[in-house]
Amino acid sequence: MNARRPSLDVAVVGGGMVGAACALALARRGFAVALLEAREPAPWRADAPEDLRVIALAPSSARLLDELGVWRDIVAARVSPYGHMCVWDGASGAELTFDATRDGRAQLGWIVENRLVTRVLWEALEAAGVRRMCPAHVASFAQRDVRVTLELGDGENVSAALLVVADGAGSALREQAGIGVRGRDYHQRAVVAHVASERAHAQTAWQRFTPEGPIALLPLADGRSSIVWSLPEARAREVLALDDAAFLAAAGMASDFRLGAFTATTPRASFPLRLQVAERFVAGGCVLVGDAAHVVHPLAGQGANLGLRDVAELADGLGEARAAGRDFAAAHVLRRYARRRRSAGALDAYAFDAIERAFAWQAPGWSALRGLGLRALDMITPLNRRLAAHAAGRAGV
Ligand SMILES: Cc1cc2nc3c(=O)[nH]c(=O)nc-3n(C[C@H](O)[C@H](O)[C@H](O)COP(=O)(O)OP(=O)(O)OC[C@H]3O[C@@H](n4cnc5c(N)ncnc54)[C@H](O)[C@@H]3O)c2cc1C
């Protein structure tokens with residue numbers, strides 16, 4: 001038991017987008033929360049070099065951020081709404097399009113810098129009463145009776161009724177909790193950069209599937225596009241080593257020159273890709289959220305959105321238990337969260353994996369079949385709408 005923090009309800013470890021949103025959501029519901037993060041997120045400035053890690057936020061995520069009181073600040077800083085999505089098969093040429101207006105909406109989602117969302121959440125934490133503990137590296141934890149005690153790298157202890165593990169894909173705390181993971185390494189890296197193009201992006205998220213992997217062009221607020229190009233590791237290393245002109249030409253070719261030629265690029269970065277779903281989302285008084293719970297292929301742009309849906313579900317479940325005068329950290333409350341989110345997270349992760357496999361497979365005749373399937377999907381409006389609604393994170397789909 002810790003003398004310094006005796007009254008904590010929840011300790012959230014990991015102050016990335018998902019952990020910070022979780023700490024804020026729980027504090028807004030009256031829980032006494034601490035957020036422990038090893039490294040303070042970099043500040044966001046409009047004139048600073050932009051974060052290459054951009055995400056496509058679904059309407060369900062924007063709704064949550066709005067409920068948390070931060071969406072307005074994010075929009076005021078820099079977001080890029082997009083109303084159309086165009087996905088096509090490099091081999092067959094078949095195309096699938098989504099249009100927000102077809103569904104009576106103004107947009108399908110927003111392209112936002114990861115650092116901006118995280119920073120705005122961080123800035124709201126203190127006023128909401130969250131104890132920000134940073135830099136605080138959590139070295140280990142132990143379950144003692146009904147409390148979880150965290151040991152920090154500097155030897156200090158913090159104890160809480162519930163531990164929320166939001167320490168990302170390589171989660172050390174998940175491992176300490178004895179929770180294994182299932183999935184596979186794609187042996188791919190996502191090469192990312194912001195590029196200028198001859199033609200306007202038309203507020204459209206473009207994605208071409210090639211046998212090497214998908215290349216996405218996400219529309220940015222200043223007219224450029226964010227490239228997210230998934231490639232086998234060796235090929236990604238080659239692309240990272242190209243000079244700017246060769247990179248622009250290769251990316252233009254890979255995206256069928258849909259936006260014309262690319263004319264300028266930022267420096268490139270890359271991220272390893274894997275499919276990973278935790279075998280359980282709960283162990284004792286320890287709950288997983290975000291990438292600690294599930295990591296999905298970026299082809300569907302859903303990783304952070306899934307994490308924010310975890311946050312909404314967990315905050316609702318704990319809040320309802322407390323409002324009804326019940327123990328919010330009771331096993332059945334946590335089990336309900338785990339049941340709902342694990343099935344949704346695993347379903348999405350394996351669905352995106354199946355899409356990745358379907359487009360990577362090059363058996364004779366398969367690309368023609370895949371093309372037929374895509375064309376059919378594009379023509380069947382209810383099915384197309386259902387897919388768009390799923391990407392938007394709407395309940396019941
Ligand atoms: C190329 C690419 C494109 C993507 N595009 C999209 C997209 O379009 N849409 C989308 O929704 N998602 C997208 N994603 C996924 C999204 O970026 C992640 O799902 C999301 O950022 C995960 O957030 P998180 O808070 O769970 O984890 P992280 O951001 O990894 O945060 C974990 C935090 O925990 C801290 N930490 C770790 N260990 C400790 C410890 N022991 N003690 C204290 N702190 C600790 C770390 O310092 C870190 O700040 C993309 C991902 C990639 C790689």
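In each ligand, atom 1 is the first atom listed, and ligand 1 is the first ligand listed. One is the number of the first residue; the rest follow in order along the sequence. None of these values were measured; they are calculated from a predicted model.
- Ion pairing between a basic and an acidic side chain is recognised when a charged N comes within 4.0 Å of a carboxylate O; Asp51 and Arg53 show no such pairing.
- Closest of all the heavy-atom pairs between Leu217 and Ser255 is CD1-CB, 3.9 Å.
- Residue contacts with ligand 1 include Ala136, since one or more of its heavy atoms lies under 4.0 Å from the ligand.
- In Ala190, the part holding a heavy atom less than 4.0 Å from any atom of ligand 1 is the side chain.
- Residues Ala20 and Leu125 approach most closely at O-CD2, 3.7 Å, considering heavy atoms.
- Ion pairing between Glu95 and Arg208 fails under the 4.0 Å rule for side-chain N and carboxylate O.
- In terms of polar-atom proximity, defined here as any N/O pair under 3.5 Å, Val138 does make such a contact with ligand 1.
- Counting only heavy atoms of the protein, atom 36 (N) of ligand 1 lies nearest to Asp167 CB, 3.9 Å.
- Compare Ile227, Val117, Leu57, Asp291 by their heavy atoms: the one nearest to atom 26 (O) of ligand 1 is in Asp291.
- Both the backbone and the side chain of His137 come within 4.0 Å of ligand 1, counting heavy atoms alone.
- Few gaps surround CD on Glu123; more than 12 heavy atoms of other groups in view lie less than 6.0 Å from it.
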Compile the donor-acceptor pairs under 3.5 Å between side chains in residues 25-34 and protein atoms, sequence neighbours left out, one pair per line.
residue	atom	partner	partner atom	Å
Arg28	NE	Leu68	O	3.1
Arg28	NH2	Leu68	O	2.7
Arg29	NE	Ala315	O	3.4
Arg29	NH2	Asp316	OD1	2.6

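- Annotation: Leu273 places no N or O atom under 3.5 Å from an N or O atom of ligand 1; distance criterion only.
- The part of Arg53 lying near ligand 1 is the side chain, judged by heavy-atom distances below 4.0 Å.
- In this structure, of Val54, Ile111, Val228, the residue bringing a heavy atom nearest to atom 5 (N) of ligand 1 is Val54.
- Under the rule for a salt bridge (charged side-chain N to carboxylate O under 4.0 Å, His left out), Glu37 has no partner lying at least two apart in sequence or in another chain.
- For atom 7 (C) of ligand 1, the nearest non-hydrogen atom from the set Ala56, Gly14, Gly15 comes from Ala56.
- At a 4.0 Å heavy-atom cut-off, ligand 1 does not touch Leu306 at all.
- When the options His294, Met17, Glu37 are ranked by their closest heavy atom to atom 49 (O) of ligand 1, first place goes to Glu37.
- Inter-residue side-chain proximity for Asp291 and Val18 is flagged as unmet; no heavy-atom pair is nearer than 4.5 Å.
- Checked by atom type, the side-chain pair Asp310/His294 shows a donor-acceptor distance below 3.5 Å.
- Counting heavy atoms under 4.0 Å from ligand 1, residue Asn114 touches it through the side chain alone.
- For Asp154, the CG atom counts as densely surrounded, since its 6.0 Å shell holds more than 12 non-hydrogen atoms of other residues, nucleotides or ligands.
- Residue-level proximity to ligand 1 for Pro298 is carried by the side chain, the only part with a heavy atom below 4.0 angstrom.
- When distances from atom 46 (C) of ligand 1 to the protein are checked, a heavy atom turns up under 4.0 Å.
- The part of Ala166 lying near ligand 1 is the backbone, judged by heavy-atom distances below 4.0 Å.
- When all heavy atoms of Glu279 and Ile179 are compared, the closest pair comes out as N-CG2, 4.0 Å.
- Near Val18, meaning under 4.0 Å from one of its heavy atoms, ligand 1 places the atoms 23 (O), 24 (P), 25 (O), 26 (O).
- In the candidate list Ala304, Ala216, Cys22, Ala304 is nearest to atom 16 (C) of ligand 1, counting heavy atoms.
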